[in-house]
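Okay, structure first, notes after.
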Amino acid sequence: MYNLKFIRDNTESMRRGLARRGEAHRLDSILKLEERRRGILAEVEVLKAERNAKSREIGSIKKSGGDANELQAYVRSLGDKIKDFDDELKTVDSELQEKISWLPNLPHDSVPDGEDASSNVVRKEWGEKPEFHFPIKDHLELGRSLGILDFERGAKVAGSGFPLYTGKGAALERALINFMLDTHVKEHSYTEIYPPFMVNYESLFATGQIPKLLEDMYKCKDDDLYLIPTAEVPVTNMHRDETFSEKQLPVNYAAFTACFRREAGSYGRETRGFLRVHQFNKVELVKIVHPDDSYDEHEKLTLNAERILEMLEIPYRRLELCAGDLGFAAAKCYDLEVWSPAEEKWLEASSCSNFEDFQARRANIRFKPESGGKALFVHTLNGSGLATSRLMVALLENNQTEEGTVMAPKVLVPYTGFSIIGYKKNTEF
RNA sequence: GGAGAGGUGGCCGAGUUGGUCGAAGGCGUUCGCCUGCUAAGUGAAUGUAGGAGCAAAAACUCUUACCCUGGGUUCGAAUCCCAGCCUCUCCGCCA
């Protein structure tokens with residue numbers, strides 16, 4: 001979220017950045033409104049200054065017992081004019097704020113050009129895609145035949161797109177969450193957070209889900225609360241309207257939450273099983289850092305997420321998103337994709353973004369420099385570390401055996417207590 | 001859900017018979033003085049945001065707004081009225 005002064009002083013560089021995302025058209029009406037705003041301001045402030053002066057005068061006249069009726073009538077007429085200007089100003093202001101709130105973040109210089117996902121660049125590929133010498137099953141068949149996933153009953157109790165895990169499926173899910181949290185907390189030095197799963201409008205606005213993604217949020221209308229689409233929202237907003245001291249930075253958080261997304265308008269598109277769901281679990285990493293460090297921290301964060309996949313021995317690749325495919329608030333973003341042998345496709349399991357000061361401005365999160373001077377905006381980052389839904393697809397499919405069973409990854413065994421998901425007793429181990 | 005108390009600057013805390021209050025006092029912070037060092041003492045400074053002026057930036061000057069939020073009354077509101085939000089205490093209900 002940019003302030004007016006910044007837009008006015010950096011119009012051309014903003015226009016260039018926005019053009020890379022195909023959003024440059026948004027700037028002109030803002031500039032026009034801004035000019036009108038200043039015009040009104042100039043007029044109304046003169047009137048207000050006069051009103052203040054005359055009112056003081058009335059005060060002293062009255063105190064000394066004089067008659068100020070005529071002056072009062074005059075100032076009253078000033079007040080009427082002021083009200084007209086103020087009303088107009090209010091209209092212009094809210095229109096401006098609305099328009100500015102739709103300006104996305106500017107892509108970092110290092111971000112490749114491109115209009116859509118087809119221009120994303122593969123930066124790295126890890127692991128070997130497994131080769132099977134038998135007909136393989138997809139995650140849905142595996143989940144059903146092994147009795148660990150029950151999408152039908154999930155649909156019965158809630159609706160389609162609400163996963164339901166049973167027996168070893170539920171245990172595997174829980175193991176995965178604990179494993180990821182433990183790794184980030186104990187080995188990568190993140191502080192664990194367990195936040196609310198519902199947030200208010202201000203929080204969604206601050207992290208940039210609103211206005212653009214409003215339609216994708218589940219809302220509790222009676223209470224004006226929204227189910228979180230990601231832990232990024234409550235965790236980043238912990239520090240809304242706060243000022244850090246410079247030496248408190250960087251702040252690193254890891255949070256497990258369920259995530260809720262309406263996925264409005266995406267029906268029929270890759271909606272089988274876990275490929276697109278309304279509720280899923282995710283361990284999210286959030287960093288609040290010094291502006292000078294955010295690109296280093298972005299690399300670190302991405303490596304922290306990749307480490308999980310390597311420990312789980314899941315083949316993945318890292319994609320750098322092109323300017324046109326960047327999320328609304330991101331200045332730079334890497335996606336991590338896991339391999340699905342059944343789909344023969346890469347599936348997005350993580351998205352690691354540097355928001356620079358975009359969210360910090362909206363959320364008013366600052367730090368006080370050691371050298372003194374004004375508080376500056378921090379940079380915020382986050383990334384999934386990771387989402388279990390797509391991970392579960394890769395995990396089941398990549399680790400299936402000819403018998404139709406699934407081997408649990410070695411690192412998970414201490415968490416699950418079992419190393420194989422067979423046909424029997426998956427609900428009574 | 002019911003009853004009551006309260007929301008003021010980085011913090012604490014005055015200010016509620018409306019007027020010179022952006023707001024006393026204290027703490028903290030910054031700069032200086034003093035003292036072998038530290039502590040203590042002492043002098044001064046110290047809110048944020050917007051606009052205008054100065055060719056630009058900084059400084060500076062002028063000005064507007066802000067005492068939870070949004071309305072209202074008034075020539076004039078931190079102070080009065082209305083609505084809302086939040087916090088605390090007590091009661092009820094409940095996992």
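Every chain is numbered from 1 and lettered A, B, ... according to where its sequence line falls, protein lines coming before strand lines. It should be emphasised that the depicted structure is a prediction, and the values quoted were computed from it without experimental measurement. Computed from heavy atoms alone, side chains included, the values below leave out hydrogens, waters and symmetry copies.
- Residues that satisfy the ring-ring contact (aromatic ring centres under 6.0 Å, His included) test with F244(A), not counting sequence neighbours, are H239(A).
- Remark: the separation of the C1' atoms in rC21(B) and rU79(B) is 10 Å, to the nearest Å.
- Residue pairs meeting the salt bridge (charged side-chain N to carboxylate O under 4.0 Å, His left out) criterion with at least one member in residues 39-48 of chain A, sequence neighbours excluded, are K48(A)-D86(A).
- Per the geometry, CD belonging to E45(A) stands 7 Å off C1' belonging to rG50(B), to the nearest Å.
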| In the 5'-to-3' direction, what one-character label does each nucleotide of nucleotides 67-83 of chain B receive under the scheme B = base within less than 4.0 Å of a protein heavy atom, S = sugar-phosphate only, - = no such atom? | ----SS--BS-------
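- Between the CG atom of N200(A) and the P atom of rC86(B) there is a distance of 10 Å, given to the nearest Å.
- Across all strands shown, rA95(B) forms no Watson-Crick or G-U wobble pair with both key distances under 3.5 Å.
- At whole-Å resolution of the value, CG in L78(A) and P in rU64(B) are 13 Å apart.
- Taking atom P on both nucleotides, rC68(B) is separated from rU61(B) by 29 Å, rounded to a whole Å.
- Base-pair partner of rC33(B): rG41(B) (Watson-Crick or G-U wobble, both distances under 3.5 Å).
- Shown here, rG47(B) forms a base pair with rC66(B); the pair counts as Watson-Crick or G-U wobble because both key distances fall under 3.5 Å.
- Taking atom P in both rG47(B) and rG92(B), the straight-line distance is 50 Å, to the nearest Å.
- Put simply, NZ on K63(A) is 8 Å from P on rG19(B), counting in whole angstrom units.
- Shown here, rA58(B) forms no base pair; nothing in the strands shown gives a Watson-Crick or G-U wobble contact with both key distances under 3.5 Å.
- On the P atoms, rU46(B) is 15 Å away from rG26(B), given to the nearest whole Å.
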| task | Take nucleotides 52-58 of chain B nucleotide by nucleotide from the 5' end and write B, S or -, depending on whether a protein heavy atom sits under 4.0 Å from the base, only from the sugar-phosphate, or from neither. | result | S------
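- In a base pair of the Watson-Crick type (N1 to N3 plus N6-O4 or O6-N4) or a G-U wobble (N1-O2 and O6-N3), with each distance short of 3.5 Å, rG22(B) is matched with no nucleotide.
- A side-chain hydrogen bond (donor to acceptor under 3.5 Å, both in side chains) with N252(A) holds for exactly one of H184(A), K287(A), E297(A), K300(A); it is K287(A).
- For the C1' atoms, the distance from rA52(B) to rC67(B) is 27 Å, rounded to whole Å.
- Rounded to whole Å, the distance from CZ on R366(A) to P on rG47(B) is 15 Å.
- Across the C1' atoms, rU8(B) and rA23(B) are found 9 Å apart, a figure rounded to whole Å.
- Taking the nucleotide of RNA chain B with the nearest heavy atom to each of V46(A) and R37(A), the more 5' of the two is matched to R37(A).
- A ring pair (Phe, Tyr, Trp, His ring centres under 6.0 Å) with H108(A) is found for one member of Y295(A), Y334(A), F355(A) and no other, namely Y295(A).
- A side chain to side chain contact (heavy atoms under 4.5 Å, CB included) with F205(A) is found for one member of I210(A), N237(A), V233(A) and no other, namely I210(A).
- Between Y165(A) and D150(A), the side chains place no donor N or O within less than 3.5 Å of an acceptor N or O (distance only, hydrogens not considered).
- Atom C1' of nucleotide rG51(B) and atom CG of L4(A) are separated by 11 Å, given to the nearest angstrom.
- Salt-bridge formation is detected for the pair E152(A)/R144(A): a Lys NZ or Arg NE/NH1/NH2 atom is positioned less than 4.0 Å from an Asp or Glu carboxylate oxygen.
- E43(A) places its CD atom 17 Å from the P atom of rG51(B), with the value rounded to the nearest Å.
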Anything under 3.5 Å between a donor and an acceptor, one on a side chain of residues 375-394 of chain A, the other on a protein residue two or more places apart or in another chain? List them.
unit_1: H379(A); atom_1: ND1; unit_2: S294(A); atom_2: OG; d: 2.8
unit_1: T380(A); atom_1: OG1; unit_2: Q359(A); atom_2: OE1; d: 2.7
unit_1: N382(A); atom_1: ND2; unit_2: E232(A); atom_2: OE1; d: 3.4
unit_1: N382(A); atom_1: ND2; unit_2: E232(A); atom_2: OE2; d: 3.3
unit_1: S384(A); atom_1: OG; unit_2: S351(A); atom_2: N; d: 3.2
unit_1: T388(A); atom_1: OG1; unit_2: E173(A); atom_2: OE1; d: 3.4
unit_1: T388(A); atom_1: OG1; unit_2: E173(A); atom_2: OE2; d: 2.6
unit_1: T388(A); atom_1: OG1; unit_2: N281(A); atom_2: O; d: 3.2
unit_1: R390(A); atom_1: NE; unit_2: L275(A); atom_2: O; d: 3.0
unit_1: R390(A); atom_1: NH1; unit_2: E348(A); atom_2: O; d: 2.7
unit_1: R390(A); atom_1: NH2; unit_2: L275(A); atom_2: O; d: 2.8

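- Heavy-atom distances to RNA chain B give each of K48(A) and K368(A) a nearest nucleotide, and the one nearer the 5′ end belongs to K368(A).
- When both pairing distances are held under 3.5 Å, rU87(B) makes a Watson-Crick or G-U pair with rA5(B).
- With both ends at atom P, the span from rA58(B) to rG71(B) equals 32 Å, rounded to whole Å.
- Look at R15(A) and D28(A) and you find a salt bridge, because one of the NZ, NE, NH1 or NH2 atoms lies within 4.0 Å of a carboxylate O, short of that distance.
- With rounding to whole Å, D224(A) atom CG is found 14 Å from rG84(B) atom P.
- Side-chain contact between S94(A) and Q97(A): absent, with no pair of heavy atoms (C-beta onward) separated by less than 4.5 Å.
- With distances taken from any side-chain atom of K374(A) to the nucleotides rA49(B), rA65(B), rG50(B), the minimum falls on rA49(B).
- With sequence neighbours excluded, no residue forms a ring-ring contact (aromatic ring centres under 6.0 Å, His included) with Y226(A).
- Shown here, rG76(B) forms no base pair; nothing in the strands shown gives a Watson-Crick or G-U wobble contact with both key distances under 3.5 Å.
- A distance of about 42 Å separates the C1' atoms of rU29(B) and rU73(B), rounded to the whole Å.
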